[in-house]
Amino acid sequence: MTSGGSFYITTPIYYPSDLPHIGHGYTSVAVDTLARWHRQSGDDTWMLTGTDEHGQKMLRAATANGVTPQEWVDKLVEESWFPLLKTLDVANDDFIRTTQPRHEERVKKFVQALYDSGYIYAGEYEALYCVGCEEFKPEAEIVDGTGPFEGLKVCAIHSKPLELLQEKNYFFKLSEFQDRLLELYKTQPDFVRPDSARNEVISFVRSGLKDLSISRSAFDWGIRVPWDDSHVIYVWVDALLNYATAVGYGEDQAEFERRWPAYHVVGKDILRFHAVIWPAMLMAAGLEVPKGIFAHGWLLVGGEKMSKSKLTGIAPTEITDVFGSDAYRFYFLSAIAFGQDGSFSWEDLSARYQAELANGFGNLASRTVAMIGRYFDGVVPAAGSPTDIDLRVQRTVADAATAADAAMTAFRPDEAIAAIWRIVDELNGYITENEPWALAKDEANRERLSTVLYTAAEGLRALAVLLSPVMPKSTATLWDALGAPGELTAQPLREAGTWGQLPAGSRVGTLAPLFPRVEQTA
């Protein structure tokens with residue numbers, strides 16, 4: 001069934017001075033998979049990703065490397081962030097950079113509108129600032145330094161000394177939106193997910209909101225405040241607005257109305273910006289708040305959140321060069337409950353690759369196609385009258401497709417994959433139980449052999465469709481090997497569980513192993 005509704009989904013925009021690691025890849029493939037699922041289901045889908053290129057941290061990095069900030073961000077985006085999307089087969093519809101003129105001009109219009117409406121005022125500010133977070137830190141995220149930083153106040157996230165800044169800034173009246181935000185969370189309980197994230201946000205807002213400094217005057221790498229060019233707009237305000245500016249805010253009203261509002265998928269460390277500041281800004285501008293904010297957990301390596309300074313950051317290519325992009329996508333989306341922290345290890349990746357992909361799905365596909373080639377000259381046979389065991393497979397396929405769609409709609413790709421994988425397990429058990437190689441020895445069993453191999457092939461057809469948003473490369477290969485008609489990505493995903501769509505008489509091709517065995521991991 002086609003809903004035809006709008007499904008606009010975003011990743012956070014990434015800070016390009018941080019080279020891509022598997023945490024960035026995790027967010028990107030999760031959003032891409034959700035977008036692919038809705039796109040193939042007939043929803044009017046749009047996926048946005050991009051880079052956040054302003055701020056003091058970027059200015060300092062460029063200066064340290066002897067280039068202008070623009071030269072620095074251009075180099076980083078071209079050499080690291082565009083290649084990430086290709087490495088992981090991310091099919092984004094747009095990539096926004098906050099240094100693009102389309103973004104800068106629209107940000108100015110938004111901030112000017114807030115100023116004209118009386119939600120921005122001038123004032124002075126003194127507080128401890130983390131350059132790494134690009135944020136004035138609340139008390140809860142300020143800790144006493146130890147070791148070389150003893151006697152200093154440090155950021156609880158970056159473990160680096162904070163800077164005491166005193167500036168004349170412009171402020172957004174965030175405090176005026178406390179009651180409206182609490183009402184939002186109450187009336188739309190799914191606005192922030194999962195529940196742990198929602199509870200955290202509600203607790204933060206109930207503790208009291210302070211007005212937000214939205215400009216900086218100590219440096220000039222940013223978008224100029226439209227009524228005062230001695231100030232640049234605070235990098236987080238600039239960054240959050242990308243979700244609106246990318247779909248036409250302030251310039252293309254028709255496109256904006258078509259796409260907005262969006263779903264945002266973010267790491268839990270930036271939840272407060274997205275679930276508190278961002279909807280308040282939209283309320284002040286008279287715009288709809290996002291449809292929802294989903295905060296996923298951290299990827300842990302050796303029990304710690306990945307960090308370049310601690311040498312725990314792992315580049316996605318370290319995995320894809322060994323196991324391939326489909327295995328990367330499958331592993332991170334299936335092994336970790338989406339919304340919770342998850343630990344990565346090479347041993348777990350290798351074990352799951354061998355057991356679930358090579359031995360499970362891959363072997364199922366290879367032997368089914370091979371047996372159709374061997375026993376029916378490569379032509380998919382017609383099924384005879386189904387027995388109870390055949391009908392059980394059909395029910396498994398239908399139930400798994402329904403459950404997977406519900407899970408994807410609930411932003412739980414891990415649960416969707418678990419539901420789909422019941423088909424893999426069912427088919428492997430079905431082949432073992434029916435022993436087509438034994439049936440082939442007696443011509444009297446020809447009709448039964450036909451039914452068994454059609455059932456296996458049709459089950460693989462459903463698997464190819466249902467898994468295509470997760471593993472686009474291997475499923476496309478399988479689709480072609482089955483001789484299935486049409487393009488895989490054109491198959492209505494919400495109809496994938498309807499039995500009998502693979503035509504008898506289709507000619508299968510040869511199928512190399514979808515997931516070649518890997519003897520040694522990185």
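None of these values were measured; they are calculated from a predicted model. Excluded from the calculations below are hydrogen atoms, water molecules and symmetry mates; all remaining heavy atoms, backbone and side chain alike, are included.
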Is the distance from the ring center of W278 to that of F273 below 6.0 Å? no
Show me, pair by pair, the donor-acceptor contacts under 3.5 angstrom made by side chains of residues 182-192, not counting sequence neighbours?
residue	atom	partner	partner atom	Å
Y185	OH	A275	O	2.7
T187	OG1	E183	O	2.9
T187	OG1	L184	O	3.4

Exercise. Do NZ/NE/NH1/NH2 and the carboxylate oxygens of D399 and R422 come within less than 4.0 Å?
Worked result: no
Shortest non-hydrogen pair, D229 vs R224, comes out as O-NH1, 2.7 Å
Task: N-O pairing of R352 and D348 below 4.0 Å - done: yes
So CE of M58 and OH of Y15: to nearest 0.5 Å the spacing works out to 4.5 Å
Exercise. Got a salt bridge between K75 and E71, using NZ or NE/NH1/NH2 to carboxylate O under 4.0 Å?
Worked result: no
ask   = Is there a donor in the side chain of H103 and an acceptor in the side chain of T245, or the other way round, less than 3.5 Å apart?
value = yes
Are a donor atom and an acceptor atom from the side chains of N169 and Y234 found within less than 3.5 Å of each other? no
Can you label the angle between the H264 ring and the W260 ring as parallel, tilted or perpendicular, going by 30° and 60°? tilted
With E163 as partner, the option from K153, K57, R60 fulfilling salt bridge (Lys or Arg N to Asp or Glu O under 4.0 Å) is R60
The ring pair (Phe, Tyr, Trp, His ring centres under 6.0 Å) partner of F172 among W236, F110, Y121, F177 is F177
*Ignoring hydrogens and angles, state whether a donor on the side chain of S230 or D228 is under 3.5 Å from an acceptor on the partner side chain.*
yes
Exercise for the section: Start with the C-alpha gap between T99 and E53, add the side-chain angles, then the distance that decides, and say whether side-chain hydrogen bond (donor to acceptor under 3.5 Å, both in side chains) holds. Expected result: CA-CA 6 Å; T99 55; E53 301 176 10; 2.6 Å; yes
Heavy-atom check, side chain of S196 versus side chain of Q340, under 4.5 Å = no
**OP:** Scan side-chain atoms only and decide if Q100 and E104 contain a donor-acceptor pair under the 3.5 Å cut-off.
**Re:** no
Any donor-acceptor pair under 3.5 Å linking the side-chain atoms of D44 with those of S6? no
Q. Any side-chain donor-acceptor pair under 3.5 Å between T475 and S468?
A. no
Checklist entry - Quick one: do D94 and R102 make a salt bridge, cutoff under 4.0 Å? => result yes
Check: Would a line drawn from the ring center of F294 to the ring center of F338 be shorter than 6.0 Å?
Finding: yes
Q | Distance flag, aromatic centroids of W421 and F330, threshold under 6.0 Å | A | yes
* **Electrostatic pair D405-R494, nearest N-O below 4.0 angstrom** => yes
Is the centre of the F323 ring less than 6.0 Å from the centre of the Y331 ring? no
Problem set entry | Near-ring test F332/Y328, centroid separation under 6.0 angstrom | yes
* Between the side chains of Y14 and D52, is a donor N or O closer than 3.5 angstrom to an acceptor N or O? -> no
